[in-house]
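The structure under discussion appears below in the form of structure tokens.
Order of listing sets the numbers, starting from 1, for every ligand and every atom in it. Values in this document were obtained by computation on a predicted structure and should not be read as measured data.
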Amino acid sequence: MPSLTSLADEARIALDTVADRATGLWSPSVRLGVTGLSRAGKTVFISALVHNLVHGGRLPLFEAQASGRIAKAYLEHQPDDAVPRFQYEDHIADLVDKRIWPASTRAISELRLTVEYESASAFGRMFSRGRLSLDIVDYPGEWLLDLPLIGKSFETFSREAMELAELPVREEVSRPWRQLAASVDPDAAADEMLARRLFDSFSAYLAACKEDARALSTLPPGRFLMPGDLEGSPALTFAPLANLREGRARPGSMRAMMERRYEAYKTHVIKPFFREHIARLDRQIVLVDAMQAINAGGPAVADLERALTEILACFRPGRGSLLTGLVSRRIDRILIAATKADHIHHESHDRLQAIVRRLADRAIARADFSGAAVEVVAMAAVRATREGAATRGRERLPVIIGSPLAGETIGEDTFDGETETAIFPGDLPESPAAFFRKDVAPTSGDPAIRFVRFRPPKLERTAEGVTLSLPHIRLDRALQFLLGDQLA
Ligand SMILES: Nc1nc2c(ncn2[C@@H]2O[C@H](COP(=O)(O)OP(=O)(O)OP(=O)(O)O)[C@@H](O)[C@H]2O)c(=O)[nH]1
Ligand SMILES: [Mg+2]
């Protein structure tokens, strides 16, 4: 396994963290990593977390809040001026006033939330009130797919891309790119137009894999799907090549050009992102949208597992490497959260949790998370549904009630986005093993759950017209695990 960062990178990460440490003495801060593939629910989670803390939401399992020790929580200037601010107010306006979900994140942003609290111990209370600053970064989930590339050469990247493209679930959508790639001689003279065509064809294939019907996750390079400010940049105009021969690239060849761009992408795009935002985390929540993968079938679940395993291996909590182990902050708590649990009845939550635990188990074992506490929870940062029961004949069915998004369908019915509907989402199977059969085509067999997307909930208002905080499922448990000890 090649090392993920060069020695120079390690040194720079170390310096950054020494500086962080030094300032950390004056104002204790926790850098919370909210990690997750695209559409996993990062932006919604961050918005709901802040909203619930700022508005004193109902968080019975978050001890500091439940016992009334949190005096106040408020947004402050973030520490990194170069990073745009997380548009918290806009996201809340979307969720609460318009009842729409925030748009997909296109660039990185940051937020600092400061919590003032009374210490739980008599000793702690002798000093002034405690303050804890929580720094949170939001970014497009696709970019996470790039981290595993840091350790891969262009040949490895090319070989793996071809192996993935040949899997049964991808074979059809990848055919145009595979045919084009097969026709290219990597040793022929570099050709810009051909590079462009290869890039276009490869990105189109990645985009098709991401659509709902396939819902695949392992789709690097991440900037191909979400270019951010690199849109149209030559740094992005590369693609994996087929027919690579042993040995080095011939100067001036197609392969030499692609390899150079691939390496430039790693140096100028991936590594700065990793160094500035990912390598300095204290705590981490990994959001996993297992529901979408389950809905799309076995290959999507297997692919999600593959992506998670590769990505989690890039986080080096505990004693990952000697140098960073000595001076870097290390992630000591990792919460793996199955998001969007409000799509199923609570009777199935344990099963969802079991599926995600199974997904993560292998990832954690391979990533060697020794030294960090890892927990798994089924949660919903924003609860868009409530529960009820319906009867069918003599059967009592547990249903969920909410307003499906406009355009969602079940069978013949198409929803208008306004009407409330009771839906029987189906049961998750008792044993998670059912989802880990790798080679089942997505169309074969019935999906176990019927997944519809709901609008964000209508919030109650108090008599004074104040909106209450966003409802959730187990956000409090997540907070307790991630921050409880910091507010003791
Ligand atoms: N019902 C429900 N839906 C959710 C929840 N969290 C996220 N979603 C849905 O998932 C979608 C994606 O959520 P985001 O928070 O935007 O996901 P993200 O991880 O920020 O995605 P990118 O910005 O694309 O990386 C939303 O548009 C909602 O449809 C939740 O707690 N409950
Ligand atoms: Mg987002």
Quick one: does Ile410's side chain get under 4.5 Å of Thr421's, heavy atoms only?
no
* Asked: Any side-chain heavy atom of Arg386 sitting closer than 4.5 Å to one from Glu420?
  ->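 Answer yes - side chains close enough.
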- Item | Best match, Arg455, Met379, Lys340: closest heavy atom to atom 4 (C) of ligand 1 |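 Answer by nearest heavy atom: Lys340.
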Practice item. Report the member of Val382, Thr43, Leu475 with the shortest heavy-atom distance to atom 31 (O) of ligand 1. Key: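 Shortest heavy-atom distance from atom 31 (O) of ligand 1: Val382.
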Please confirm whether [X] comes within less than 3.5 Å of ligand 1 when only nitrogen or oxygen atoms on both sides are compared.
X	value
Phe45	no
Arg383	no
Ala380	no
Arg39	yes
Thr105	yes
Val44	yes

When you measure from [atom] to every protein heavy atom, which one gives the shortest distance, and what is it?
atom	result
atom 1 (N) of ligand 1	Asp342 OD2, 2.7 Å
atom 13 (O) of ligand 1	Gly41 CA, 3.5 Å
atom 18 (P) of ligand 1	Lys42 N, 3.4 Å
atom 24 (O) of ligand 1	Ser104 OG, 2.8 Å
atom 27 (O) of ligand 1	Trp101 CB, 3.1 Å

### Message
Against the six-membered ring of Tyr205, is Arg170 placed for a cation-pi contact (under 6.0 Å from the centre, within 45° of the normal)?
### Response
no
- Aromatic ring proximity, centroids under 6.0 angstrom, Phe238 and Phe202: no
Sidechain-backbone polar pair: [X] side chain, [Y] backbone, donor-acceptor under 3.5 Å:
X	Y	answer
Asp146	Leu149	no
Glu276	Phe274	no
Gln486	Leu132	no

If you count the atoms of ligand 1 from 1 in the order shown, which ones are under 4.0 Å from a heavy atom of [X]?
X	value
Ala381	31 (O)
Pro140	25 (O)
Gly141	25 (O)

N, O or S from Thr43 under 2.8 Å to the Mg ion (ligand 2):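 Given the 2.8 Å cut-off, Thr43 counts as a ligand of the Mg ion (ligand 2).
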Q.
So, 2.8 Å as the limit: is an N/O/S atom of Thr105 located closer than that to the Mg ion (ligand 2)?
A. yes
When you check the gap from the basic side-chain N to the acidic O, do [X] and [Y] get nearer than 4.0 Å?
X	Y	value
Asp94	Lys98	yes
Arg306	Asp303	yes
Arg112	Asp135	yes

Arg39, Lys340, His343 screened by side chain to side chain donor-acceptor pair (under 3.5 Å) with Asp289, the one that passes
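By the side chain to side chain donor-acceptor pair (under 3.5 Å) criterion, Asp289 pairs with just one of Arg39, Lys340, His343: Lys340.
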Return yes when Gly36 approaches ligand 1 closer than 4.0 angstrom through a heavy atom, no otherwise.
->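 The answer is no: ligand 1 sits nowhere under 4.0 Å from a heavy atom of Gly36.
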Worksheet item: Which part of His343 is near ligand 1, with near meaning a heavy atom under 4.0 Å away: side chain, backbone, both or neither?
Response: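 For His343, only side-chain atoms sit under 4.0 Å from ligand 1.
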So Trp143 and Phe273, would you call those rings parallel, tilted or perpendicular, with 30° and 60° as cut-offs? perpendicular
